[in-house]
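The structure appears below as structure tokens.
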Amino acid sequence: MMQANSSCPSNTVLDYLRSGILFLTVLAGTIVLTCLMLLIFWLPFRWHYTVGRLWAQFTLKVTELICGLRYEVTGLEHIKEVETAIVLCNHQSAWETIALAAILPPQSVLLKKSLLWIPFWGWAMATLKPIAIDRSSPKQALSQLLKKGALRLNEGLWVLIFPEGTRVAPGKEIKFSASGSLLAQRTAYPIIPIAHNAGKFWPRNGFVKRTGVIQLHIGAPILTEGRKSKEINIEAEAWIRNALLDIEATK
């Protein structure tokens, strides 16, 4: 198991100030773009997604300008190899939910239904064809994912799933859910595995955003046609775990 890195520097007053300015800037941008998305609710989905992607790009840019936190991506060529895919990504913070909207093709995100009630952000997400599930009923949640996931894939949208099910601190591991691999087995769409270390700079339960460079690695498509979900899940999880070790080793 990977060991958590305890060498992160202590937060300074300047770190808190920068993070506070970032919070207010992103909040203002979120309110403006959410209002725009609600005003154009009657337009085709591509308009909504364009505005949503602008919000993601805006957030990444102001994060770099205010907090000095940027990112580098390797493996972009892999997302050009397939038209539609299921993405399995490790989950360490809120950063990856923003970044993947800016980096990947139009997508439908698997998320908790309750998140759609969050003022502004949740309202905007509701217009972007998410796969919203009730986690209090696992069987029903899986059924919703398989049904709506197949529908979104057939519409040409990518499906984004965080198989850990919750944000996990760097260095810790949670067994991957097989829901994404089950969807892949049912639909035969390939899986694109993604790994990153965003949690070291944008902590899951922390306010301060640290200066640095987030590494995000995109893997080659994992073919799924004719394969069992367990086999698919093992391969995807192994790739992500190994990629995280590579990121840690080359920091």
Side-chain angles (χ1 to χ4, degrees), residues 37 45 48-49 52-53 55-56 59 79 82-118 121-168 173-196 198-199 202 204 216 218-219 221-222 224 229-230 232-237 239-241:
M37 292 177 76
F45 171 77
H48 292 263
Y49 200 86
R53 174 166 282 171
W55 174 84
T59 301
I79 66 176
V82 293
E83 291 186 3
T84 310
I86 300 163
V87 175
L88 297 186
C89 179
N90 68 304
H91 201 14
Q92 292 187 355
S93 74
W95 179 87
E96 59 269 21
T97 63
I98 300 166
L100 293 179
I103 295 169
L104 297 178
Q107 66 211 242
S108 176
V109 182
L110 177 68
L111 49 69
K112 294 186 296 185
K113 185 180 295 185
S114 59
L115 293 177
L116 300 182
W117 294 103
I118 296 175
W121 182 89
W123 304 341
M125 280 299 303
T127 71
L128 298 178
K129 295 188 177 182
I131 302 172
I133 59 172
D134 181 0
R135 288 185 177 170
S136 65
S137 177
K139 288 185 178 180
Q140 183 179 7
L142 179 58
S143 176
Q144 289 176 323
L145 168 61
L146 295 178
K147 181 179 179 180
K148 292 186 178 180
L151 177 63
R152 298 292 183 250
L153 289 165
N154 290 334
E155 289 176 350
L157 294 177
W158 289 40
V159 171
L160 171 59
I161 297 173
F162 298 106
E164 291 157 312
T166 187
R167 288 176 288 183
V168 180
E173 293 183 3
I174 291 181
K175 184 176 176 60
F176 277 25
S177 163
S179 57
S181 59
L182 279 169
L183 178 62
Q185 177 185 293
R186 292 279 189 94
T187 63
Y189 281 96
I191 282 176
I192 297 289
I194 294 179
H196 63 87
W202 186 313
R204 58 179 183 145
L216 186 142
I218 302 174
I222 296 174
T224 64
S229 64
K230 183 177 181 179
I232 297 167
N233 203 44
I234 289 174
E235 182 176 348
E237 182 173 358
W239 188 94
I240 291 172
R241 301 296 186 205

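Just the heavy atoms: all of them, side chains too, but no hydrogens, waters or symmetry mates, feed the values below. All values derive from a computational prediction rather than experimental measurement.
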What do you reckon, is CZ of R186 surrounded by more than 12 foreign heavy atoms closer than 6.0 Å?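 Open: at most 12 neighbouring heavy atoms sit under 6.0 Å from CZ of R186.
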Test your reading of the model: is there a side-chain donor-acceptor pair from [X] to the backbone of [Y], 3.5 Å cut-off?
X: Q107; Y: P105; answer: yes
X: S108; Y: V159; answer: no
X: W158; Y: E83; answer: yes
X: N233; Y: S229; answer: no

Rounded distance (nearest 0.5 Å) linking atom [atom1] of [X] with atom [atom2] of [Y]:
X: T127; Y: Y49; atom1: OG1; atom2: OH; result: 11.0 Å
X: T166; Y: R135; atom1: OG1; atom2: CZ; result: 7.0 Å
X: L110; Y: I133; atom1: CG; atom2: CD1; result: 4.5 Å
X: L146; Y: I131; atom1: CG; atom2: CD1; result: 9.5 Å
X: I86; Y: L160; atom1: CD1; atom2: CG; result: 11.0 Å
X: R152; Y: T187; atom1: CZ; atom2: OG1; result: 14.0 Å

Do L100 and V109 pass the side chain to side chain contact (heavy atoms under 4.5 Å, CB included) test, and can you show the C-alpha distance, the side-chain angles, and the key distance before you say yes or no?
CA-CA 10 Å; L100 293 179; V109 182; over 6 Å; no
inquiry  = Test side chain to side chain contact (heavy atoms under 4.5 Å, CB included) on L115 and M125; report intermediate values, then the result.
reply    = CA-CA 9 Å; L115 293 177; M125 280 299 303; over 6 Å; no
Can you see which heavy atom on [X] is nearest to which on [Y], and at what distance?
X: I222; Y: A236; answer: CD1-CA, 3.7 Å
X: I191; Y: G180; answer: CD1-O, 4.4 Å
X: A132; Y: L116; answer: CB-CD1, 3.7 Å
X: I103; Y: I79; answer: O-CD1, 4.0 Å
X: A184; Y: I232; answer: CB-CD1, 4.4 Å
X: P221; Y: P190; answer: CB-CB, 4.3 Å

Evaluate the side-chain proximity of [Y] to [X]: yes if any heavy-atom separation is below 4.5 Å, no if none is.
X: I192; Y: L104; answer: no
X: W55; Y: M37; answer: no
X: W239; Y: L88; answer: no

Starting from the C-alpha separation in whole Å, work towards a yes-or-no answer on side chain to side chain contact (heavy atoms under 4.5 Å, CB included) for T97 and F162. CA-CA 10 Å; T97 63; F162 298 106; 3.8 Å; yes
Check your understanding: Stepwise, does the side chain to side chain contact (heavy atoms under 4.5 Å, CB included) test hold for L142 with L182?
Key -> CA-CA 9 Å; L142 179 58; L182 279 169; 4.0 Å; yes
Taking side chain to side chain donor-acceptor pair (under 3.5 Å) as the criterion, tell me which of E96, R167, E164, R204 meets it with H91.
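That would be E96; it is the only one of E96, R167, E164, R204 passing the side chain to side chain donor-acceptor pair (under 3.5 Å) with H91.
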Can you label the angle between the W95 ring and the H196 ring as parallel, tilted or perpendicular, going by 30° and 60°?
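Tilted.
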